[in-house]
Amino acid sequence: MKRTTADLLAEIRKTAPLIHNITNLVVMNATANILLAVGASPVMAHSRHEVEEMASLAGALVVNIGTLSDPWVEAMLLAARAANRTECPVILDPVGAGATAYRSRSVRNLIDDASVSVIRGNASEVLSLVDAGVTTKGVDSSLTLSDAAVDAARGIASHYGCVVAISGERDLITDGDRVLRVANGVPLMTRVTGLGCGLSAVVGAFCAVAGADRLDAVAAAFGFYGLCGELALKVSDRPGSFYIAFIDALYAAGQAEIDVWLKVDESG
Amino acid sequence: MKRTTADLLAEIRKTAPLIHNITNLVVMNATANILLAVGASPVMAHSRHEVEEMASLAGALVVNIGTLSDPWVEAMLLAARAANRTECPVILDPVGAGATAYRSRSVRNLIDDASVSVIRGNASEVLSLVDAGVTTKGVDSSLTLSDAAVDAARGIASHYGCVVAISGERDLITDGDRVLRVANGVPLMTRVTGLGCGLSAVVGAFCAVAGADRLDAVAAAFGFYGLCGELALKVSDRPGSFYIAFIDALYAAGQAEIDVWLKVDESG
Amino acid sequence: MKRTTADLLAEIRKTAPLIHNITNLVVMNATANILLAVGASPVMAHSRHEVEEMASLAGALVVNIGTLSDPWVEAMLLAARAANRTECPVILDPVGAGATAYRSRSVRNLIDDASVSVIRGNASEVLSLVDAGVTTKGVDSSLTLSDAAVDAARGIASHYGCVVAISGERDLITDGDRVLRVANGVPLMTRVTGLGCGLSAVVGAFCAVAGADRLDAVAAAFGFYGLCGELALKVSDRPGSFYIAFIDALYAAGQAEIDVWLKVDESG
C-alpha cells in the first residue's frame, strides 16, 4: 500500500484532477483548501443549470449532504447521473444521515437513483442507510465500529456495488469482499469542522487518478490523510493551529512520510 | 461569576450539547470551529423539511440573520417555534438589523412570532429593533453604549421577556432588571469576521447547560469568550494569527484562566 | 504608483468603506477577513429584497459568480443596476466563466444589462467573455497572457468602457488605452482558495476611495495585494500557514513595504 499511496499522490500532483464538489455550506472553504493542498483542482457548482456539464468535465464528483435543501438535492441527483454516464467516480458523504428523516430519505433516494462509487461517513451515518433504527447525534456518530457494524458495512457495499468507508478509531474500508483497516489519524481531527468532509473530497482526488481499483485508492486516501493529521499533531495539540499544520502537511508530505507512517492492513 | 463560568464550561466539555445553528454563509465555518473548540457539538441545518426536527433535538438554537433570504426566514421561524415547544433556548443574532428594511422587518417578525431567550448584537443592531430611526453601517455598529442605550436595552429585555446582550467596549447584559457588564475582550476581535456571530453561538452552548439562570450564563459566555481574546492577543496582534490563537485559547483555557482574567461586574 | 498606492491604502484604513459583496459560497469567509485586514468594512447580502438598498449604501459592489444559482443571478443584476444609479463602482469577478455555458451566459447578460467598472479574473475567464472558443478548467485558467490576450483584454475594456484586470505571472491591467503590468505576487497564492476572489474585493476597496482614476486604483490594489503575498512567503512556503501570514501582512503592511516592494510598470 505504501507504493500505491505514494504513486497515486504523485499522480494527483502531476495531473491536478478537477474535483466537482456539491457540498455543505460549512466546509466549502476547507474542502477547497484541502484539495488544493493535496494537489487537485477543486470546483464547487450546485445550480441545476450547470451541474451536469461540470460533473461531465470532472475527474470525480463529491456529494455531501451536510446542509441540504430541495434545489441541492435535485442538483446532486442530476450531477450523479451525469457522472455515471461518463464513468466519473461518485463519492457520497452522508453527513448527518440518521439525524433527521429528511437527510436519511434524501440520501437513500440518491443511492437508489444513481450509482455511487464510494460512501464515506461515520458509523451511524453509514449504518442508518440500511437500518432506520440507527440515529445520529447531529453530525456525530452514535456508534463504534463493532463486529456487527463491519458486517453491516460489507452488506451495504455488496448491495450497492460500491466501496464503503467508515471513519473511526481504526477506519474500515470494504468493497463487500475485502476489508482494509487504517490506523492513521488522531482524535483532534474531530475537533476541527470539515475534516471528515475534506477526507471525502480527498477520496475523490485519489479515485480520480486510480482507475478501477477503488478499494486501494480509498484506503490510500485515508492513510495519507490520517498520517498528515499525525504530522500536524507534532506541531500543535490545539485545534486552530493544528488545522493550519494539517493543511501544510497535506501540501508537503510525500513518499518519505508515507514510508514511515502509513498504517493500512488487510483484515478478516 | 468565576465559579459559575468555570462550572458551565466544564459542563459543556463533559456533555457536548448539540447546538443547532441557522446562521449566515460567511461565518458557518468559524462558528462550527468555535463551538467545537469550546466543547459543544455544532450542527447546521436550514431546510424547512428538517429544522423543526433538528431544533427539537438540540440543546440550543442559534438564529443569525447575516445573509437572509426568504427560505431561510421561513426556516428560522419554524425552528424557533419548534424550540419553544421543547423549551430549548433560542439565541438571536440580528446581524445588520438597521442596515436594510428587509433585515429589520425579518427580525421583528421573528421576535413577534416566536419566543426568543437571548438577543445578542452590537448596539445599533439591537436598538434598531425598537427604534426605526437607528441605522447600522452594514454590519458595524453606528452607536456606542450610552446611558440611553442601556435604558433601551432594559426596555427590550422587559418587553420580550429575554436577555439582551450588547457587545461593546464594556459589554452590556440585562434581563430588564439586573445589568451585568463584561470588560473582557480586545478590539482586534472586530477585525476578524464572525467573532461576534461566534459569541452568539457560544452563548447558545452556555445556555444549553445552564438551566433557568440565563442572565449569568450569558455573562459567563461573554466573559470567557472575551478573555480568550485577551489570551490570543498575547500570541499575536495581527488578525490572521490572532484568530488561530483565539481558537486555540477557546480549546485550552479553563478554570485557571477564568480565575485570573474574568471581569464581570453587576452595575446599576 | 508608490505614492498613489500608499495614499489609497491609508484612505481605506481611515474611512473603512462599506464593500457590498455578492460572492460565492466558498470564499465568503476569506473575502470578509481579507477586507477587514485591509481596513474596509465588508457586508454580504444576496436577497433580492435588500441588495438594491445595500448596494446604494456601499462604497463598492463586488459581484462574483463562483457558485451561481438563479436567485443569485437575479440579485447580482438588481444590485449592479442600483450601484449604477449611485455611481458606486461595480467589480465583476467571472469565476469559472468558460467552464460551463451557464456561467458564461450569466456573466455576459450581466455585463450587457448593467455597467461594470472593473472585470478581474484569470486569462481564460476574461477572454471567454468575448470568445466562445475559450474554455476554462473549472476555475483554473487554460491560457497565459500572450500578446493576443493583451489585445483581447484591451478590446474588452474599450467595448465595455471598463478596466480589465487579468491575474497571471505578470498581471495585466488596462482601460483599453493604457496598459499597466504588475510583477508582485507569488505562485503559492494560487494554492489557497479565494485569494483571487479576495483580490477582486480589495480592488473594490481601492476603487471605493479612488474617485475617477480607476486604472491606477486597480493597479495599486494588485500591487499591494501581491506584495503582501511576497511578505507572507517569507514567513512560510506552505499554504496553511502562508494564508495566515498573508492576512497578517494585509493588516500590517503600509508605506514602508510599498516603497520597497511595489512593482507596477506602464508598458506598450
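Proteins get letters first, then strands, A, B, ... in listed order; numbering begins at 1 in each. All of these numbers come straight from a predicted model, not from anything done at the bench.
- If you measure heavy-atom distances from Ala16(B) to chain A, the contacts under 4.5 Å come from both the backbone and the side chain.
- Scanning both residues, Gly240(A) and Ile244(B), for their nearest heavy atoms gives C-CG2, 3.4 Å.
- With a 4.5 angstrom heavy-atom cutoff, Pro71(B) does not touch chain A via any of its atoms.
- With chain A as partner, the option from Ile19(B), Val43(B), Ile247(B), Leu36(B) having the largest number of non-hydrogen pairs under 4.5 angstrom is Leu36(B).
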Tell me which donor-acceptor pairs, judged by distance alone and kept under 3.5 Å, run between chain B and chain A, one pair per line.
unit_1	atom_1	unit_2	atom_2	d
Ala16(B)	O	Lys137(A)	NZ	2.6
Asn29(B)	ND2	Val26(A)	O	3.0
Asn33(B)	OD1	Thr193(A)	N	2.7
Leu36(B)	O	Arg191(A)	NE	3.2
Leu36(B)	O	Arg191(A)	NH2	3.1
Ser41(B)	OG	Asp140(A)	OD2	2.6
Met44(B)	O	Arg103(A)	NH2	2.9
His49(B)	NE2	Asp70(A)	OD1	3.2
His49(B)	NE2	Asp70(A)	OD2	2.8
Glu50(B)	OE1	Thr100(A)	OG1	2.6
Glu50(B)	OE1	Arg103(A)	NE	2.9
Glu50(B)	OE2	Arg103(A)	NE	3.2
Glu50(B)	OE2	Arg103(A)	NH2	3.1
Glu53(B)	OE1	Ala101(A)	N	3.1
Glu53(B)	OE2	Ala101(A)	N	3.3
Asp248(B)	OD1	Gly240(A)	N	2.8
Asp248(B)	OD1	Ser241(A)	N	3.0
Asp248(B)	OD1	Ser241(A)	OG	3.4
Asp248(B)	OD2	Ser241(A)	OG	2.6

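- For a residue to count as touching a neighbouring chain, one of its non-hydrogen atoms must lie under 4.5 Å from one of that chain's; by this rule Leu195(A) does not touch chain B.
- Of the listed residues Val139(A), Val27(A), Leu25(A), the one with more heavy-atom pairs under 4.5 angstrom with chain B than any other is Leu25(A).
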